[in-house]
J.: 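Got a structure for you, written out below as structure tokens; questions coming shortly.
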Amino acid sequence: MRAIGQESFGGPDVLKIIEVPCPVPGPAEVLVRVCAAGVNPTDWWHRATGGLAGGTPVRLGWDVSGVVEAVGPGVTLFQPGNEVFGMPRQPVPAGTYAEYVVSPARHLTAKPAGLSHVEAAAIPLAALTAWQALVDTADVRPGQRVLIHAMAGGVGHLALQIAKARRAYVIGTARTANHDFLRGLGADEIIDYTRTDFTTAARAVDVVIDTIGGDYGPRSLRTLRPGGIIVSLASPAEAHLAAEARALGLRSSFMITEADQAGMREIASLAASGRLRVRVDTVLPLEQAAKAHEIGEAGRSAGKIVLTVSV
């Protein structure tokens, strides 16, 4: 089968089409014929640094939407022909930039009929990140005030919709050009961070979702009410941030997204009902994975990037 592989770490040009044997599902696994694979910032981080992948060769990709081709021993959830989507094996690369991928059966869930494979492939990692931050870590409740940084981004615009589904009051940082888009998704307040200091505009916040890192963590503490929490998705919270948060009666938490079928089922339900919509900016064939990474790293995408696969 065709796949995208790399023999060294570096820029997008290290990504090449390779021919590898088609994988065989083992116990509790399924073989998925890939229709589309999402592209995420963690992909180009792993491509450049190795990340959690270890040594070379590396096969990138987590997000997948496709059709079950075969099932391994003990699988009862799916049968060949079922349409599925999910985020296999996170945080270790699953190799979804390929014509076929093997996944633990319970890392996938049924694809809603109303979603195309391109839309479905754009959802899992970003939506699970938002779900696990807002629901599992912060336990957002109705009426709470949530501040989401980079709200027009891949994680941000899905976090907005999940927070609204939890009946939270949602504030976000984003450039003015994206304000109409975000209002259409239900944002209550939007702060153009290029014109306004968000620490003066957002107050009495219960939950901060930080997708940026750097000084956004320490600055965001000023927006939280006593007992509030900041969930960092960009980098581990430094010890001084945790200490500063505790001194102020606040909490800070660094989170790594995990494969999660229960979360995927909730996300699939939201998507099927129309309460979760993904913004797809760029769709490219598998052969142009390097170009997809170039676009993503340059920040030229106004939504998710997806690779399509034809077998």
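If you read the sequence from its start, that first residue is 1, and numbering goes on from there.
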J.: Using the rule given for side-chain contact (heavy atoms from CB on, under 4.5 Å), can you reason through L241 versus L221, listing the C-alpha separation, both sets of side-chain angles and the distance that settles it, and then say yes or no?
T.: CA-CA 9 Å; L241 177 61; L221 293 178; 3.3 Å; yes
J.: Identify the heavy atoms of I4 and L286 that sit nearest to each other, and give their distance.
T.: CD1-O, 3.5 Å
J.: Provide the full list of ring pair (Phe, Tyr, Trp, His ring centres under 6.0 Å) pairs with a residue in residues 102-152, sequence neighbours left out, each pair given once.
T.: H149-F198, H149-Y216
J.: Can N40 and T42 be counted as having a side-chain donor-acceptor contact under 3.5 angstrom?
T.: no
J.: Would you sort out whether R219 and D197 count as a salt bridge (Lys or Arg N to Asp or Glu O under 4.0 Å), showing the intermediate values?
T.: CA-CA 10 Å; R219 292 171 63 204; D197 182 352; 3.1 Å; yes
J.: Kindly determine whether N178 and R279 satisfy side-chain contact (heavy atoms from CB on, under 4.5 Å), including the steps that lead there.
T.: CA-CA 12 Å; N178 289 310; R279 185 188 210 183; 3.5 Å; yes
J.: For atom CZ of R225, is the number of surrounding heavy atoms from other residues, nucleotides or ligands below 6.0 Å larger than 12?
T.: yes
J.: Looking at residues at least two apart in the chain, or sitting in another chain, which of them share a side chain to side chain contact (heavy atoms under 4.5 Å, CB included) with A120?
T.: S65, F85, K111, L115
J.: Could you go through the side-chain contact (heavy atoms from CB on, under 4.5 Å) check for V278 and H157 one step at a time?
T.: CA-CA 8 Å; V278 66; H157 83 290; 4.0 Å; yes
J.: Mind checking whether I18 and R59 have side chains closer than 4.5 Å, heavy atoms only?
T.: yes
J.: Does a side-chain N-to-carboxylate-O contact under 4.0 Å join R166 and E266?
T.: no
J.: Partners of S273 by side chain to side chain contact (heavy atoms under 4.5 Å, CB included), sequence neighbours excluded?
T.: R275
